[in-house]
Amino acid sequence: MQRSTSCPSRGRYAPSPSGPLHLGNLRTALLAWLFARSGGGSFVLRLEDLDRARVRPGASEGIVRDLRWLGIDWDEGPDVGGPSGPYQQSDRLPLYRDHLNRLLELGLAYPCYCSRADGAIAASAPNGPLKESAGYTGACRDPELRASRRRSHPNREPVFRFAVTSGDQDVVDAVAGHRRFGLKSGQDDFVIWRAGGVPAYQLAVVVDDALMGIGQVIRGDDLLDSTPRQMALYLAFGYQAPNWAHVPIVRDAAGKRMAKRSSDEGLDGARARGCRTEEVVGALAASIGLVPDGTVCAARELLNEFNSARLVPQPGL
Ligand code: GLU
């Protein structure tokens, strides 16, 4: 498992092909590209298509088309190939399997037979940091309890959890600042492998960013609370963690995260209204404070002026 040479400004955009990118996704992609290119770094496009139930036919092609229409380019990706491919997660399963095995050998992962029905995971897990593991009792971390759960559910296929070490995990983020997350062994042991042989996001993203030599991860701030878990995985594998920047995501009028459901909120809608690339790029950049409202410009024109310290969400995208 060879890592590509990591460079601090080598960046990536890693969308899930669950539908057309909406304007919020496009703004995050533009920012990830600006961070990388303004620092002279290379840029990678990776498709995170492990959740097969959410993958929509044609979405990957649409994502490639829309990013290019916006003026975003990449050196490596599913359509152009490259030395650290494949660039589509469904083609990388053996790499994730190897990494799961490595954690099992190190005693840092274990099978878990618990379900909500037997009370080992709260029926309604509280929202907040570490949502994915919230409400888990840590039962299967104990070999005896695990063996008894397994006996009571002989047909249940286990998930695999990462065995968290209790302690504070500090995340230093170029946009969100310094955050401290407390992790507790057992209850915060998060899922790294789902039943059905599917690697979970937390494992796949770390394996990919590490093996692809990504030096900076720029993504929406809805993923900030995944970062301490990913840092724990970097440490477990002995990989160097990238620099992080979690940028504000676009929320709808009710303050909710936009979903990739309606193409009206994406470029098809903008193009149908007759918008040109430069108008969309200008509106995206203005919506985060990079340029004054009403600016019309190409993505590459933002490169010279790009200053991440200026990122402030503006009302009205
Ligand atoms: N695939 C994730 C998404 O589309 C992004 C993951 C990441 O950037 O770490 O929301």
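We count ligands from 1, going down the list as the structure has it; atoms in each ligand are counted the same way.
- No hydrogens or angles considered: nothing links the side chains of Tyr87 and Asp208 as a donor-acceptor pair under 3.5 Å.
- Listed by number with element, the atoms of ligand 1 under 4.0 angstrom from any heavy atom of Ser16 are 1 (N), 2 (C), 3 (C), 4 (O).
- Nearest heavy atoms, Ser16 versus Ile63: O-CD1, 4.1 Å.
- If you number the atoms of ligand 1 from 1 as listed, the ones under 4.0 Å from a heavy atom of Val205 come out as 9 (O).
- Applying the ring-ring contact (aromatic ring centres under 6.0 Å, His included) test to Phe162 and every residue at least two apart in sequence or in another chain returns Phe190.
- At a heavy-atom distance under 4.0 Å, only side-chain atoms of Tyr201, from C-beta outward, approach ligand 1.
- Considering all non-hydrogen atoms of both residues, Cys297 and Leu302 come closest at SG-CD2, 3.8 Å.
- Contact annotation for Gln202 and ligand 1: no heavy atom of the residue comes within less than 4.0 Å of the ligand.
- Of all atoms in ligand 1, listed by their number and element, those nearer than 4.0 Å to a heavy atom of Arg12 are 7 (C), 8 (O), 9 (O).
- The two atoms that bring Ala210 and Tyr239 nearest to each other are CB-CD1, 3.4 Å, heavy atoms only.
- Taking only nitrogen or oxygen atoms, main chain and side chain alike, Val217 does not reach within less than 3.5 Å of ligand 1.
- Scanning all heavy atoms of the two residues, the minimum distance from Pro228 to Phe181 falls at CG-CG, 3.4 Å.
- Set against the non-hydrogen atoms of Glu48, the atoms of ligand 1 under 4.0 Å away are 1 (N), 2 (C), 5 (C), 6 (C).
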